[in-house]
Amino acid sequence: MRVPISWSYTRTLAAENNTHMSEFLLLGLSKELEVQPLIYVIFLSMYLTTILGNLLIILAASSDPRLHTPMYFFLCNLSLVDICFTSTTVPKMLVNIQTQRKAMSYEGCITQIFFYVLFINLDDFLLTVMAYDRFVAICHPLHYTVIMNPRLCGMLLLVCWVLGVLNSSLDVSAFLRLSFCPEVKIPHFFCELNQLIKLACSDTFLINLVIYCGVLLLGGGPLLGIIYSYSKIISSIRGMASVQGRYKAFSTCASHLSVVSLFYVTSMGVYLSSAVSERAYPSAVASVLYMVVTPMLNPFIYSLRNKDIKRALKTFFVQGTAKRSIVLH
């Protein structure tokens, strides 16, 4: 006679299997060995460009006292988050290509999922806060310094981090309940959550519910906030009598609008390609766009048309060169 196994015992067994699981195998973007060196060079170049570009934004905003404003405070934090966001996946991918080793431990995969979800949430929240900052600056210019005081800016940043940590902790907690086969091959260059859910051997209803609720509340909510802020901004700009005032107001929002559009179009492309197509390749390509390309382009978008950033960088490097000349003499 066969003795039935209780649900709690099965769950404990699954948890033990996950804990002592050997490794996940990251198959990467291509199986062709001839293409690997090219992928390595491209991703290394994009990663270094992302780090350098975002560090220059932080350097410019922190070195110039004229840029110690709420807008540049949040921009510095966005640049820092972009650096961390890219660093959660690309360095591991580069190491795997260089060593020709595709394995990743179960603990490493959980850590990558936690920080990946955390930083993508922070990106979303910071873009929303920056939209609110532009709304106050354009629609309530006389009360801007009173409303966007340092205490409120700090509180908004703290709320972004708290919500991000809570959401990523919830996703990881739901992920820990999943069980996998002894050998799991992930058709991706990092532990992408949607791909892992498809490869799970256990019921995925709970984690799918957690993810969809999170996307709806923490993704849709900020998007609605951005749309509302810009609807008010556009209405305020249209009411301005001066053409020069309209142009100046719109130019302050153009960079942020470009980054918001790039972020939401690429991130939605990942989820749509993952839901519509059974193949992992379209999802992996879409992931490259919003995980590597978007953080790389953000510094260029914010600095190319921003005279304040250009002036701050020029001043910093000119002063640095002058100081080095004095020391040498």
Side-chain angles (χ1 to χ4, degrees), residues 42-63 67 69-94 111-134 153 156-161 163-165 167-168 189-193 218-219 222-223 226 253-270 285-306 308-310 312-313:
I42 291 173
F43 272 80
L44 179 62
S45 303
M46 290 195 295
Y47 180 64
L48 293 177
T49 304
T50 302
I51 299 297
L52 179 62
N54 284 289
L55 281 178
L56 285 175
I57 292 287
I58 296 171
L59 184 66
S62 58
S63 63
L67 300 185
T69 61
M71 182 177 77
Y72 291 104
F73 169 74
F74 293 120
L75 179 58
C76 283
N77 280 278
L78 182 68
S79 295
L80 179 62
V81 168
D82 280 341
I83 291 172
C84 297
F85 184 40
T86 310
S87 299
T88 58
T89 56
V90 176
K92 176 61 178 174
M93 176 193 181
L94 295 175
T111 304
Q112 194 176 70
I113 289 171
F114 177 84
F115 286 107
Y116 154 72
V117 175
L118 170 62
F119 292 126
I120 195 173
N121 280 327
L122 284 173
D123 252 341
D124 193 13
F125 299 150
L126 284 171
L127 289 174
T128 308
V129 171
M130 290 171 76
Y132 175 71
D133 172 73
R134 293 299 82 206
C153 293
L156 289 173
L157 183 63
L158 180 62
V159 169
C160 291
W161 275 94
L163 289 176
V165 169
N167 187 43
S168 55
F189 64 93
F190 72 103
C191 290
E192 212 274 327
L193 194 54
L218 302 180
L223 179 59
I226 292 172
C253 302
S255 299
H256 181 257
L257 265 177
S258 302
V259 172
V260 168
S261 303
L262 192 61
F263 175 81
Y264 276 101
V265 168
T266 52
S267 57
M268 285 179 181
V270 172
V285 172
S287 296
V288 171
L289 290 175
Y290 91 98
M291 291 202 66
V292 185
V293 177
T294 301
M296 181 184 69
L297 292 179
N298 285 354
F300 293 101
I301 293 171
Y302 275 111
S303 62
L304 286 177
R305 296 183 60 186
N306 194 314
D308 295 333
I309 293 286
K310 291 178 182 178
L313 286 173

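No hydrogens, no waters, no symmetry mates; every other heavy atom, side chains included, goes into these values. In this text, all values refer to a predicted model and were calculated from it rather than measured experimentally.
- Under the 4.5 Å side-chain criterion, counting only non-hydrogen atoms from C-beta, Val129 is not in contact with Asp133.
- When side chains are defined from C-beta on, Phe263 counts as touching Ile120, because their heavy atoms get closer than 4.5 Å.
- Proximity of Tyr132 to Pro70: side-chain heavy atoms (C-beta onward) are nowhere separated by under 4.5 Å.
- Counting only distance, with no hydrogens or angles, the side chain of Thr294 and the backbone of Leu289 share a donor-acceptor pair below 3.5 Å.
- In this structure, CE in Met296 is found 10.0 Å from OG1 in Thr86, a value given to the nearest 0.5 Å.
- Not a single side chain to side chain donor-acceptor pair (under 3.5 Å) links Asn77 to another residue, sequence neighbours left out.
- Atom CD1 of Ile113 and atom CG of Leu118 lie 13.5 Å apart (nearest 0.5 Å).
- With contacts defined as side-chain heavy-atom distances shorter than 4.5 Å, the pair Ser303/Leu56 does not qualify.
- Residue Gln112 holds its CD atom at 6.5 Å from OG1 of Thr89, rounded to the nearest 0.5 Å.
- For the pair Asp308/Tyr72, a side-chain contact is recorded, criterion being any heavy-atom separation below 4.5 Å from C-beta on.
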| Test log, rule side chain to side chain contact (heavy atoms under 4.5 Å, CB included), inputs Lys92 and Phe189 | CA-CA 9 Å; Lys92 176 61 178 174; Phe189 64 93; over 6 Å; no

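- Here the CG-SG distance, from Leu78 to Cys160, works out to 10.5 Å after rounding to the nearest 0.5 Å.
- Annotation for Ser168 and Val165: closest pair OG-O, 3.1 Å, computed over non-hydrogen atoms.
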| said: Under the criterion side chain to side chain contact (heavy atoms under 4.5 Å, CB included), I'd like the reasoning laid out for Asn121 against Leu163: C-alpha separation, chi angles, the key distance, then a yes or no. | reply: CA-CA 8 Å; Asn121 280 327; Leu163 289 176; over 6 Å; no

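- When side chains are defined from C-beta on, Val265 does not count as touching Tyr290, because their heavy atoms never get closer than 4.5 Å.
- When all heavy atoms of Ala60 and Ala312 are compared, the pair lying nearest together is O-CB, 3.6 Å.
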| said: Does Ser87 form a side chain to side chain contact (heavy atoms under 4.5 Å, CB included) with Tyr47? I'd like the steps, not just the answer. | reply: CA-CA 8 Å; Ser87 299; Tyr47 180 64; 2.9 Å; yes

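- Looking only at side-chain heavy atoms (C-beta outward), Cys191 and Tyr116 stay at 4.5 Å or farther from each other.
- Nearest heavy-atom pair, Phe85 versus Pro295, reported as atom, atom and distance to 0.1 Å: CD2-CG, 4.2 Å.
- Nearest heavy atoms, Cys253 versus Arg134: SG-CB, 4.2 Å.
- To the nearest 0.5 Å, atom OG of residue Ser63 and atom CG of residue Leu313 are 7.0 Å apart.
- Of all heavy-atom pairs between Gly219 and Tyr264, the closest is O-OH, 3.8 Å.
- One distance of note links CG of Leu122 with CG of Leu127; it measures 10.5 Å at 0.5 Å rounding.
- The shortest distance between side-chain heavy atoms of Leu218 and Phe125 falls below 4.5 Å.
- In this view, Ser258 satisfies the side chain to side chain donor-acceptor pair (under 3.5 Å) rule with no residue, not counting sequence neighbours.
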| request: Could you walk me through whether Phe43 and Val292 pass side chain to side chain contact (heavy atoms under 4.5 Å, CB included), step by step? | output: CA-CA 8 Å; Phe43 272 80; Val292 185; 3.9 Å; yes

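- Not counting sequence neighbours, the partners of Asp82 by the side chain to side chain donor-acceptor pair (under 3.5 Å) test are Asn298.
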